[in-house]
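In this text the structure is predicted, and so the values were computed from the model without any measurement.
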There are 2 protein chains.
Amino acid sequence: MKHKPTDYDNTFSIDNVIFGFDEGSLKVLLIERAEEAFIGKMALPGNLVRHDENLDLGASRILYELTGLKDAHLEQLYTFGDINRHPLGRVITVAYYSLIRIKKYKLQPKISFAKRAAWIPVAEIPQLAFDHNVIVEKALDRLRGKLRYKPIGFELLSEKFSLSQLQDLYESILLIAIDKRNFRKKILSYDFLIALNEKQKDVSHRAAKLYRFDKKRYELLDKKGINFEL
Amino acid sequence: MKHKPTDYDNTFSIDNVIFGFDEGSLKVLLIERAEEAFIGKMALPGNLVRHDENLDLGASRILYELTGLKDAHLEQLYTFGDINRHPLGRVITVAYYSLIRIKKYKLQPKISFAKRAAWIPVAEIPQLAFDHNVIVEKALDRLRGKLRYKPIGFELLSEKFSLSQLQDLYESILLIAIDKRNFRKKILSYDFLIALNEKQKDVSHRAAKLYRFDKKRYELLDKKGINFEL
DNA sequence: AAACATAGTGTATTTATTACACTAAGTTTA
DNA sequence: TAAACTTAGTGTAATAAATACACTATGTTT
């Protein structure tokens, strides 16, 4: 196989899979590409890493430039490097993922590379550029695995949430049904949820009590060797 | 920051963390480097990925060339890309890991890049080239996490093993003590261990019954949603 | 005031985990 | 050749965790 060098040969890119949860369903942050390759297609917010930039920092920068999001607490997911995954050259991409509260942020691309950014329900993801559908699947697997063993669901809900909202989140991401009483018993038994003196507003039925997740308490339990599991 | 191009700039490498278990302790496969950088230092078996080579295939090829090992069932671990991790240029490395039966293979480097290959107990790993100590730590974390939730311990033991050997393995990798009766009860309850009509030989005490892991049975249970957990 | 929607609560049963100590089968030693 | 040694192998009771299950409470809308 002959090697015709291009600007894209032997480059690294980063692609971010950002999950949010809104209106009862899990969503992914996608951009519409304004440049080749795959111009006009939806894609994960990703771009080339700079020569003088660490991967983790590159991931944050790229996410910010393409969507306006900051402080997303990105975690590395997997690296995709098939020979022909990029039409313009040999580009391997390191995928990162993160969970965020959708409502806290406004989407606003900072560079023209992205025409727009939007939250798309996981069930409605179209065919994406490159191997990005595969990357999203991998991220979903990871999210589902992690959700069971780490108390990360809260990162997707607003600061204050009701137990029913939390249960909904688990049920809709893991695609399982959970008994209400058992769920409450279990999640409260860990003692990392703080009941607030506050209720839901603007609901047309009995308002639910609100809770918040106390990270410090969780870390204490974790250090003691008490492992969360739903 | 100015960019002085070198042969190593913008290249990808692969580093393999291969675990084995022998004489009651966990070991890692290391090579002695015969080329720059870090000539003479111990390192993980790793090298640059070819331009026309997928990452997974590259990992197998590199492992074979440097150690003689084949069919190691490598799994991707993590990608390390700090700017200064490689003294000769910007090289990001994709780490893979695998568990193998030490006794089944003979170590024999196929190219001069590696002066020799050797199994080194995890507790005695010296300072390695590049960021390879960090990579080994990451692989250890992953191994420990996985050992608890997937029946992978068998990949480190010979085909036929006794329950005590298996328990030893868990205890020495996870650094915990396990009750003998409870361990046996639990591991046998999963029904994926087949008792053989065979006993240990060449031991100077009562010989233990041998078992083998039945992968098909495990996969059946897994499909039924029965999750292994030690 | 009745209908509606979601919040909130307890108990009994089943299943899993833990703690715990002796006998069995071989080998080595005196 | 018997005693000492080494590791294999086994069961039960007590405790803790998971499950199954249905009604009342609180507020809103009609």
Side-chain angles (χ1 to χ4, degrees), chain A residues 23-25 147-149 151 153 157-158 160-172 174 176-212 221-222 224-230, chain B residues 23-25 147-149 151 153 157-158 160-172 174 176-212 221-222 224-230:
Chain A
E23 293 162 349
S25 76
L147 198 58
R148 280 207 144 85
Y149 300 107
L157 295 173
S158 54
K160 303 168 181 180
F161 53 85
S162 73
L163 296 183
S164 293
Q165 285 168 346
L166 186 60
Q167 184 178 341
D168 277 1
L169 182 143
Y170 276 100
E171 291 185 325
S172 79
L174 298 176
I176 55 174
I178 307 174
D179 178 86
K180 192 179 182 179
R181 279 178 287 194
N182 294 340
F183 175 77
R184 283 163 188 245
K185 208 188 308 174
K186 177 129 205 192
I187 202 93
L188 291 175
S189 76
Y190 287 105
D191 242 38
F192 52 51
L193 293 189
I194 311 288
L196 304 172
N197 288 325
E198 213 173 326
K199 292 187 169 184
Q200 281 183 310
K201 277 167 189 164
D202 309 317
V203 287
S204 71
H205 51 77
R206 178 174 176 180
K209 185 166 206 164
L210 297 177
Y211 292 78
R212 67 175 181 81
L221 294 168
D222 196 45
K224 278 196 215 159
I226 292 164
N227 297 313
F228 172 73
E229 189 184 336
L230 185 69
Chain B
E23 294 162 349
S25 77
L147 199 57
R148 281 207 143 85
Y149 300 108
L157 294 174
S158 55
K160 303 168 180 180
F161 52 85
S162 73
L163 296 184
S164 293
Q165 284 168 348
L166 186 61
Q167 183 177 344
D168 277 2
L169 181 143
Y170 275 99
E171 291 185 326
S172 80
L174 297 176
I176 54 175
I178 308 174
D179 178 87
K180 192 180 184 180
R181 280 178 286 193
N182 294 340
F183 176 77
R184 283 163 186 246
K185 204 188 310 173
K186 178 128 204 191
I187 201 94
L188 290 175
S189 76
Y190 287 105
D191 240 37
F192 51 51
L193 293 189
I194 312 288
L196 303 172
N197 288 325
E198 212 173 328
K199 292 187 171 185
Q200 280 182 312
K201 277 168 190 163
D202 309 318
V203 287
S204 71
H205 52 77
R206 177 172 175 181
K209 184 165 207 165
L210 297 178
Y211 291 79
R212 68 175 181 80
L221 293 168
D222 195 45
K224 279 196 213 159
I226 293 165
N227 298 312
F228 171 74
E229 189 184 333
L230 185 69

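The closest side-chain donor-acceptor pair between B/Arg184 and B/Ser164 falls under 3.5 angstrom.
Considering only residues two or more places apart in sequence or on other chains, B/Glu171 meets the salt bridge (charged side-chain N to carboxylate O under 4.0 Å, His left out) condition with none of them.
Summary of the strand contacts: B/Ser164 and B/Asn182 both lie near DNA chain D, and taking for each the nucleotide with the nearest heavy atom, the more 5' one is attributed to B/Ser164. If B/Lys209 and A/Val203 are placed on DNA chain D by their nearest nucleotide, the residue sitting closer to the 5' end is B/Lys209. When each of A/Asp179 and A/Ser204 is assigned the nucleotide of DNA chain C bearing its nearest heavy atom, the one mapping closer to the 5' terminus is A/Ser204.
Contact annotation: A/Lys199 reaches the phosphate of D/dG27 (side-chain N/O to OP1 or OP2, under 4.0 Å). Close to D/dG9, at under 4.0 Å from its OP1 or OP2, lies a side-chain N or O of B/Arg184.
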Going through the distances and angles, do A/Gln200 and A/Lys160 end up as a side chain to side chain contact (heavy atoms under 4.5 Å, CB included)?
CA-CA 9 Å; A/Gln200 281 183 310; A/Lys160 303 168 181 180; over 6 Å; no

Applying side chain to side chain contact (heavy atoms under 4.5 Å, CB included) to B/Tyr170 and B/Ile176, what does each step give before you reach the verdict?
CA-CA 8 Å; B/Tyr170 275 99; B/Ile176 54 175; 5.8 Å; no

Applying side chain to side chain contact (heavy atoms under 4.5 Å, CB included), run through B/Lys209 and B/Tyr211 and close with a yes or a no.
CA-CA 7 Å; B/Lys209 184 165 207 165; B/Tyr211 291 79; 4.0 Å; yes

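In this structure, A/His205 atom NE2 and D/dT26 atom C1' are separated by 11 Å, rounded to whole Å. Between the CD1 atom of A/Ile178 and the C1' atom of D/dA18 there is a distance of 14 Å, rounded to whole Å. The CD-P distance, from B/Gln200 to D/dA8, rounds to 6 Å in whole Å. Protein atom CD of B/Gln165 is 11 Å distant from nucleotide atom P of D/dG9, rounded to whole Å. The CZ-P distance, from A/Arg206 to D/dT26, rounds to 6 Å in whole Å.
Ion pairing between a basic and an acidic side chain is recognised when a charged N comes within 4.0 Å of a carboxylate O; B/Glu229 and B/Arg148 show no such pairing.
Within the 3.5 Å criterion, the main-chain N or O of A/Ile178 finds a donor-acceptor partner in the side chain of A/Gln167.
A/Leu193 places a side-chain heavy atom less than 4.5 Å from the side chain of A/Phe161.
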Restricting to nitrogen or oxygen on both sides, can you table the protein-nucleotides 13-17 of chain D pairs closer than 3.5 Å?
none

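Along DNA chain C, the stretch of nucleotides lying under 4.0 Å from any heavy atom of chain A spans, 5' to 3', C/dA5 to C/dT11.
The side-chain contact (heavy atoms from CB on, under 4.5 Å) test with A/Phe228 is passed by exactly one of A/Ile187, A/Leu221, A/Asp222: A/Ile187.
Counting any heavy atom pair closer than 4.0 Å across all strands shown, B/Lys180 reaches a base atom.
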